[in-house]
Every structure is written in structure tokens, then in C-alpha cells.
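Report on the following structure.
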There are 2 protein chains.
Amino acid sequence: MTPLSTYHAVAARLQAEIRSGELAPGSKLPSERQLCERLGVSRVNARDAMHYLEGQGLIYRLNRRGWYVAPSVFIYDPTRSHSIRDEAQAHGRHLHTELLSARQETPPQAVVSLLQLAPREAVAAISRRRAVDGRWVLLELCYFRNDAFPRLLEEDLTGSLTALARQRYGYQHRELVVRIASSPLSEQQAQHLHVRDGSPALRLEREVLVDGRCVAVEREYWLHDAIEMQLRGHT
Amino acid sequence: MTPLSTYHAVAARLQAEIRSGELAPGSKLPSERQLCERLGVSRVNARDAMHYLEGQGLIYRLNRRGWYVAPSVFIYDPTRSHSIRDEAQAHGRHLHTELLSARQETPPQAVVSLLQLAPREAVAAISRRRAVDGRWVLLELCYFRNDAFPRLLEEDLTGSLTALARQRYGYQHRELVVRIASSPLSEQQAQHLHVRDGSPALRLEREVLVDGRCVAVEREYWLHDAIEMQLRGHT
DNA sequence: CAGTGGTCTAGACCACTAC
DNA sequence: TAGTGGTCTAGACCACTGC
């Protein structure tokens, strides 16, 4: 095989194999050392190609496990007009939710401010991770004021929390403030999704207001290549 | 100076200097080779530290020019409730706009579909770049149907296009469909912002509907570490 | 335990920027 | 032209995963 002397060439070759379907979405790429040998390049070169394709959203890695072909993005309305599970079904994709923890705790300082909590006041804190078609792509960290959501932790927390708020607690009309930014994952967050510390993610923060008062804060971290947000507005 | 043998240590040291204010926002970091020598590490190690901090949004690079300390993010409402210039002023930041091109052209296929154009129908295409506090952070590519925006290219295109639509063309009520995703910059896009091909960006696509008909498509590419989007919704 | 990616060294040359 | 980051080689050892 003729050596491909630049990482762009290596990337282009892999890209062609992905687009042609030779490498199917979700399948594992050859190991870095195999690629070096097969393409006649150094390992740094091969790795640079991988990082480039990762940036393009064409491949992703599971920490120390290998590189995989990325599936198509998941389209999602961050203002929660529809349930995320319904959205997944509508696009023919499988959504899996796992509860990581649910307990009383004092949240991070930024959340304390938003919820206007007393200094050491605790809230119901729920963290979950979600997989689309078998890949962990979303980490959720939600904080609920106890006075607005009494005995929340005794409920079933594996389904839609939005539906729970509406049906169990009767919050029909909610105002939202949504913030979206690029954000790297912390070590702990990354571990839950099986990716590297610092992996790029989209961070979505939802401030839930009922009668002008903030009763809950929800934070979502989506792997950057897994999601497209779509919403409606007007002027 | 004691050698810092891992890139995490190198990154931590730089991070401390940035947080302490020794390295001020916008200022240039020492060159990679200077850092290698000063800290007693190899250049790969130093570069890995830079890439790590870049991912954290703490520093950014101008292509082949050097590394700089990143300023704080710019907060912005993508549904355009307010003019971006007003938002900038409200946060005490300086916004500069440069018109890159304004001409009739046939847009990319995806835009043709959204605007429901005839096969080779042209639209008014406007591209601009914008700087916040002197750093180019935003590239805009806008496409306007000629029948909805006649003689648009003869107007002043350096100000708010939203205001122009409202005042000159009388579009008071507009529905928007907004899509937000992570996206790497193409070579050409990257050049306009003086960054590397493939740099991570947030892509914002705005579909402007008047009476249920799509009359304009606006695409924005923001450098990933420069922006936080904030919007309001309700259920 | 074998295989993977993650980290690291000590060099080298190239393309481009700023002056 | 000097200095920058961008690319590349040919190795090495480590930490972790999966069997």
C-alpha cells in the first residue's frame, strides 16, 4: 500500500470508507497501530487523522477502548415542547435511561443562586445518563426545590421528569430560561459517558420558572457530535 | 525550574497564571518552544497542554500566529428578541461588523430546499464577519428570497439585517425555526476568522417564516468558546 | 494477559506571519 | 528573514479494558 504522508490523506481515506458504507455507523475502526502499519505512517500521524475526524463528528472514541464510526445526530427540542422519548421514537431511534443517583444534597453555588436557596439548604438532586441507540450521549443533573416538589425522590425517576412535574405536581404552565454553550466534560462526567476527560460537549441549562419563581434547574451535557437542537420562536 | 512531566501539570500551571491575572485575557502566551525550554518538557507535551486548555475554552489560537488567553463568553439570544449590537453594548463589549460579500447567487442545496427555490433560482446572498472586542468570532451567511426582499443588495448591509427586514420591508411578525449544532469550520470559513481549518464552532441556522412561508435562511458560525446562547420559552 | 488508546521524548522540516 | 505554529518520524512506557 502506498504510504499516505499526511494526516489529511489518512483522514480522507477513512472518510471515503465511511461514506461508502465500508465502515458502517457504530462499527469499530482498526486500531491505531494497525492503521500505522497498513498505511505506512507514524502513529502520531494516524492519531492526528483520528482527532481531525473526531472534530468533524465522523468518528468518536470510547476511552481506551477504540474508535467508532459516529451515527447520525439526534434532533431535539430543548424547550421540551415534546417528550424526548417521543422525539426519539419519531426518528426511529432507541432511547435508554439509567438513574445514576437521587438524593438530597446542597447543589453547586450557581444553582443555589438560581434557586434562591438558603446557605446550606438541600434540594432533590437527580442525575441520569441516557443512551441513543446504545451509545451514552447525555448526562443530566437536575435540582428541584423541596417546597415545590415534595417527596419527589419517592417517585419513579426513570421516565420523563417534565411529565412528572405536570401530572404529579400540576405544573401546567412553566416559563423556561434556556442557556446553551459549548463545554468540556469534567473527569467524573466523562467517566459516566465512557469518554475522555475534557471531551467537547454541548451544555444545556434549563431554569424552570413557575409564577416567576425558579423551582428547578436542569443541566444536560450532550456529546458534541450527537445532538442538534431545534426550536421555534417568533418576533 | 522543576520539569513538569505531564501535560496536565503544564496545563495546570498555565491555568493558574491565567486565573491569577498574570496572563490577562487577550494577551499572548509564550511560544511553544519557549514553554518547552522553560518548563523542561518536550514540544508535544507542551502542545498537548495547549490543546487541552483550548478545549476548556481558556485559550484560543490564531492560525500560525500564536496562542492567546480567551476573554469571557458573549451572551446572545438566538431568537433575536434584541439586536445583537444592543446586547453587546449592554454587556459593555465592542462589536465590529465587516461585510465580506453581497451578491446574487444560487445557494447550497439545503438552502434551496428550505426556501423552496426553482432549480437555478438566485437569491440575495450576504456574508459578513463580526468581532467581539477585536477577536473575529462570528461568520454569517444569509440568503434572502428576491421576491420577499427586492433590491436588498442596494441597502446598507453593515447594520442589523433584522431591523432592515422590519423597517424597510415591513416584516413585523416573523416565525423562526432555529437549529443549533456543533460544527467544524471549513477551510474557507476558518480563514475568515483567522483560525485553523476544522476549528470547533457552534452553528446556528435560522429559518425565517412570514405567513408560514420561508423567506430567508441565516447561518451563523460562532467560535465554540466565544458564545453562550440564552433564550426563553414556555410550556 | 494481550491489546487498546494515552502519554512522552528528541529530534526534524515545512508553511506561513510579521516585520 | 526570523520566529511562529503545523506536521511528521521512530521509537518508548503507562493505564486501562476485555477476555
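Note on naming: letters A, B, ... go to the chains in the order of the sequence lines (proteins, then strands), and numbering restarts at 1 for each one.
- Between the side chain of B:His194 and the main chain of B:Ala190, no donor-acceptor pair closer than 3.5 Å is present.
- Only A:Arg61, A:Asn63, listed by number, bring a heavy atom of residues 53-63 of chain A to less than 4.0 angstrom from any atom of DNA chain C.
- Note: CZ (B:Arg64) to C1' (C:dC14) measures 8 Å, nearest angstrom.
- Annotation: side chain to side chain donor-acceptor pair (under 3.5 Å) contacts of A:Tyr143 (sequence neighbours excluded): none.
- Looking at heavy-atom distances under 4.0 Å, A:Arg65 makes contact with sugar-phosphate atoms alone, never a base.
- When distances are taken from the side chain of A:Ser42 to each of D:dA10, C:dG6, D:dT7, the shortest belongs to D:dA10.
- For A:Asn45, no side-chain nitrogen or oxygen approaches OP1 or OP2 of D:dT7 to under 4.0 Å.
- Pairs passing the salt bridge (Lys or Arg N to Asp or Glu O under 4.0 Å) check and including a residue from residues 100-111 of chain A, sequence neighbours excluded, read A:Arg103-A:Glu105.
- Applying the side-chain hydrogen bond (donor to acceptor under 3.5 Å, both in side chains) definition to pairs two or more places apart or across chains, those involving residues 128-139 of chain A are A:Arg93-A:Asp133, A:Thr97-A:Arg130, A:Glu98-A:Arg129, A:Arg128-A:Glu140, A:Arg135-A:Asp225.
- Qualifying salt bridge (charged side-chain N to carboxylate O under 4.0 Å, His left out) partners for B:Glu207, counting only residues two or more places apart in sequence or in other chains: B:Arg179.
- Below the 3.5 angstrom threshold, one finds a donor paired with an acceptor across the side chain of B:Arg43 and the base of D:dG6.
- Atom NE2 in B:His194 sits about 14 Å away from atom P in C:dC16, given to the nearest Å.
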Show the atom names and distances, to 0.1 Å, of all donor-acceptor pairs under 3.5 Å that link a side chain in residues 23-31 of chain A to residues at least two apart or in another chain.
residue : atom : partner : partner atom : Å
A:Ser27 : OG   : A:Ala24 : N            : 3.3
A:Ser27 : OG   : A:Ala24 : O            : 2.6
A:Ser31 : OG   : A:Gln34 : N            : 3.2

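- Taking atom CZ of residue A:Arg196 and atom P of nucleotide D:dC16, one finds them 13 Å apart after rounding to whole Å.
- Considering only residues two or more places apart in sequence or on other chains, A:Gln189 meets the side chain to side chain donor-acceptor pair (under 3.5 Å) condition with A:Ser186.
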Under 3.5 Å, which donor-acceptor pairs link side chains of residues 55-67 of chain A to any protein atom two or more places apart or in another chain?
residue : atom : partner : partner atom : Å
A:Arg61 : NE   : A:Glu54 : OE2          : 3.1
A:Arg61 : NH2  : A:Glu54 : OE1          : 3.4
A:Trp67 : NE1  : A:Glu32 : OE2          : 3.0

Fill in: ring-ring contact (aromatic ring centres under 6.0 Å, His included) assessment of B:His51 paired with B:Tyr7
CA-CA 10 Å; B:His51 289 132; B:Tyr7 77 87; 9.7 Å; no

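- Here C:dT7 presents its C1' atom at 14 Å from CG of A:Asp48, a figure rounded to the nearest Å.
- Of the residues in residues 27-37 of chain B, those placing a heavy atom less than 4.0 Å from an atom of DNA chain D are B:Ser31, B:Glu32, B:Arg33, B:Gln34, in numerical order.
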